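As structure tokens, the structure follows; a few thoughts come after it.
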Amino acid sequence: MEGGSGFNSVPPSNSFDKSRVLDVKPLRSLKPVFPNAPSTPPFVCAPPHGPFPSGFTPFYPFSTPQGSQASPDNQQNTTPVQMPMGPTPTPLRAFRSSQAPEFSGAFNGDTEPEVGGNEDGHVDGQKRAARNARGSNSSQKKTRKNQEPGSSRRAAPAPKGPSANFVVGISQIERDDGSRELVNHVLMTFDALRRRLSQIEDAKEQSTGIIKRPDLKASNILMSSGLRTNMKKRIGVVPGVEVGDIFFFRMELCVVGLHAQSMGGIDYMIVRGDTEEEPLAVSIVSSGGYDDDAEDRDVLIYSGQGGNFGKKDKQAADQKLERGNLALERSLRRTNDVRVIRGMKDSVNPTSKVYVYDGLYKIQESWIESKTGCNIFKYKFVRLPGQPGAFSVWKSIQKWKEGISSRVGLILPDLTSGAESTPVSLVNDVDEEKGPAYFTYFSTLKYSKSFNLAQPSFGCNCHNACQPGDHNCSCVTKNGGKFPYTSNGILVSRKPLIYECGPTCPCFPNCKNRVSQTGLKVHLEVFKTTDKGWGLRSWDPIRAGTFICEYAGEVIDKVKGKQGGEEGDNDEYVFDTARVYGSFKWNYEPGLLDEESSSESSEEYKLPSDLIISAKNVGNVSRFMNHSCSPNVFWQPVLYEHNSQSFLHIAFFAIRHIPPMTELTYDYGSAGSDEVGGNSALNKKKKCLCGSSNCRAYFG
DNA sequence: GAACCCTCATCTCG
DNA sequence: CCGAGATGAGGGTT
């Protein structure tokens, strides 16, 4: 693979290594910008193929015992996609007969079927509010009746009462129908709360060994505050949720309206036709509890629910054609789209799961299988064509990792030549360029002198790993008494400055307060973008708050002026904390918990002094991260000691959950206008290519 | 391993 | 008979 063109991969030497030479000019976001269309859902919901057969089919319950409804055995190896032996789709004439023109749109979200029952969630909201009140969270805003009795929400979409529709900034309409911004906001609030609750839990004495569920607590608070969106159930696309989006908790699916059941795998709604009501499936979660067949990328064999399979001390039984199973059956006949969420093991954190929204599917057939004498329903889901890859991307990555198929366009399997514990691949699948320009890989900062603090500084005295609740640990104290990371190493809050344990501290290297010093944890890839030169992305899913990498390079001494002489002027690889960075909010809102001082959770950086780093000649993966005006990564100053001297570092963390193969970006900020040389600062600005809806057009 | 939470279905009461 | 509220069942998750 590597013998080829361009450069030689020479064995790594531990000393100064100039061998990792990649000799092409760097390029970093310099092309003209074509702003993307606003973030509409990435695909249109087109009917999968051709016109459907019309007319009636005789009522076709597969509940009529297994007779002719073949088990897949006798058709297993035939082509899966076209015309199965399943029932003919019944057109949806029963609904909106007056104006349902074609079948196609009728059930895919264009026209909305009536929703029966569950007129709203307020009842539950109140119940929960009451429940919470007796618990410790008494501070939630009261859920009010935000809908007058008798006003159907469909009939009266406009906000009614003047102020009645706002709780924590989300209007009733927004709670019904979301948007990308809203979904992101809700998810970020959820996770910020969750992290904070974990932090509180971590800090408790071990004696209270009760396992708490911060995810449930967080969602509880959101739900009872009305901080959620897409509450209105719907078939098809959920506004603001995109194919490929990932989630780490079932509750996240709930609060954004992707899948309302907190546990159940099948979510459905009652749809009212002219004559009768029937349940139709809107979404399913396949998470491995049943033996679903998820080998194929576009096909999913899904098992019905119930029957006590896999549960201990419960008698297995036949599954019944009711609830979710019934809804799936009806959806098969109605051929409506069903959202599919695939859950799988999180490779980074094996005890938990990742859920990938894999877009819309249709149910193509169903049958009954027998397992240990009991009947199980099986449903064959087939993915609608034309949607962006989601689960399939995961499958590919899995193959790359197993070495079964190598990455297309792979130039180097590890451009760090072992300098990092996790390899970083170098890939170009868009053109012939063989790699970025020469630089030396180095995984941290090169300081020419120490970072002077007024007060002398020393590490802690812990002799094992520092404990979150330990007030004798000076490192914890320096962080305001709050451990900056959760037990699985996720950053809780942005802060003016984070104090980690350093080489001076006697605590073990596995101390949780050294997150930014432990090297890369996710498998990154430097890749050629189509219009921004080289960029950075990850093979692994990344949780919000995950440490990604630090900005490595040579610290520039301001006194000496511009290092590197003339070239300093157009050094594209400078990181400067003195730039102007737009403020943004990442932390939990203290009002949602019983916490007073919001000043304590300031997100403004406060540095002992400015830090300028150049990664032009020496650097790590960070130098490839491009700018975006709506980034998914932010930087955070981190301080730790070495030989009684403090050193400042810049650590990058994920703003939100980042699906695999999504480009990682952060906000480069802009040079202040007070820069020496007047308008030279302006000249240095570059056109932005981030394409986000709130793009500032220039950066740098 | 235990302690959870959301929705739907059904029941009760006015 | 209807709607509002209460209660129970169901389904896995972390």
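Model, not experiment: these values are computed from the prediction. Throughout, protein chains are lettered first and strands after them, A, B, ... in sequence-line order, and every chain is numbered starting at 1.
Listed by chain and number, the residues in a side-chain contact (heavy atoms from CB on, under 4.5 Å) with A:Lys353 are A:Ser287, A:Tyr355 (sequence neighbours excluded). Contacts of A:Tyr302 classified as ring-ring contact (aromatic ring centres under 6.0 Å, His included), with partners at least two apart in sequence or in another chain: A:Phe381. Checked against side-chain contact (heavy atoms from CB on, under 4.5 Å), A:Ile301 has the following partners two or more places apart in sequence or in another chain: A:Asp293, A:Val299, A:Trp367, A:Lys378, A:Lys380. Partners of A:Thr662 according to the side-chain contact (heavy atoms from CB on, under 4.5 Å) rule, which considers only residues two or more places apart in sequence or in another chain, are A:Asn632, A:Ile658, A:Pro659. With sequence neighbours left out, A:Trp394 forms a ring-ring contact (aromatic ring centres under 6.0 Å, His included) with no residue at all. Residues passing the side-chain contact (heavy atoms from CB on, under 4.5 Å) test with A:Asn510 are A:Ala465, A:Phe508, sequence neighbours excluded. Residues satisfying the ring-ring contact (aromatic ring centres under 6.0 Å, His included) criterion with A:His657, sequence neighbours excluded, are A:Phe248.
Rounded to a whole Å, the CE atom of A:Met251 is 13 Å from the P atom of B:dC4. Atoms CG (A:Asn325) and C1' (C:dA9) sit 15 Å apart, rounded to a whole Å. Atom-to-atom, CZ of A:Arg228 to C1' of B:dC6 comes out at 9 Å; the value is rounded to the nearest Å. The CG atom of A:Leu253 sits 13 Å away from the P atom of B:dC6 (whole-angstrom rounding). If you take CD of A:Glu201 and P of B:dA3, they are 14 Å apart, rounded to a whole angstrom. Rounded to a whole Å, the NZ atom of A:Lys217 is 17 Å from the P atom of C:dT14. A:Asn230 places its CG atom 17 Å from the C1' atom of B:dC6, with the value rounded to the nearest Å. Spacing between atom NZ of A:Lys232 and atom C1' of B:dC6 amounts to 20 Å, rounded to whole angstrom units.
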Set out, line by line, the N/O atom pairs under 3.5 Å between protein and nucleotides 10-13 of chain C.
from	atom 1	to	atom 2	distance (Å)
C:dG11	N2	A:Ser262	OG	3.3
C:dG12	OP1	A:Tyr290	OH	3.4
C:dG12	OP2	A:Tyr290	OH	2.3
C:dT13	OP1	A:Arg250	NH1	3.0
C:dT13	OP1	A:Ser287	OG	3.0
C:dT13	O2	A:Arg213	NH1	2.6

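The neighbour count for A:Lys521 NZ, taken as heavy atoms of other residues, nucleotides or ligands under 6.0 Å away, is above 12. More than 12 heavy atoms of other shown residues, nucleotides or ligands fall within 6.0 angstrom of atom CD in A:Glu402.
Note on the helix from B:dA2-C:dT14 to B:dG14-C:dC2: terminal axis deviation equals 30°, with five pairs used at each end and the result rounded to 10°.
Spacing of P atoms, C:dG11 relative to B:dG1, comes out at 23 Å, to the nearest Å.
At C:dT14, none of the side-chain N or O atoms of A:Lys345 fall inside 4.0 Å of OP1 or OP2 (strictly under the cut-off).
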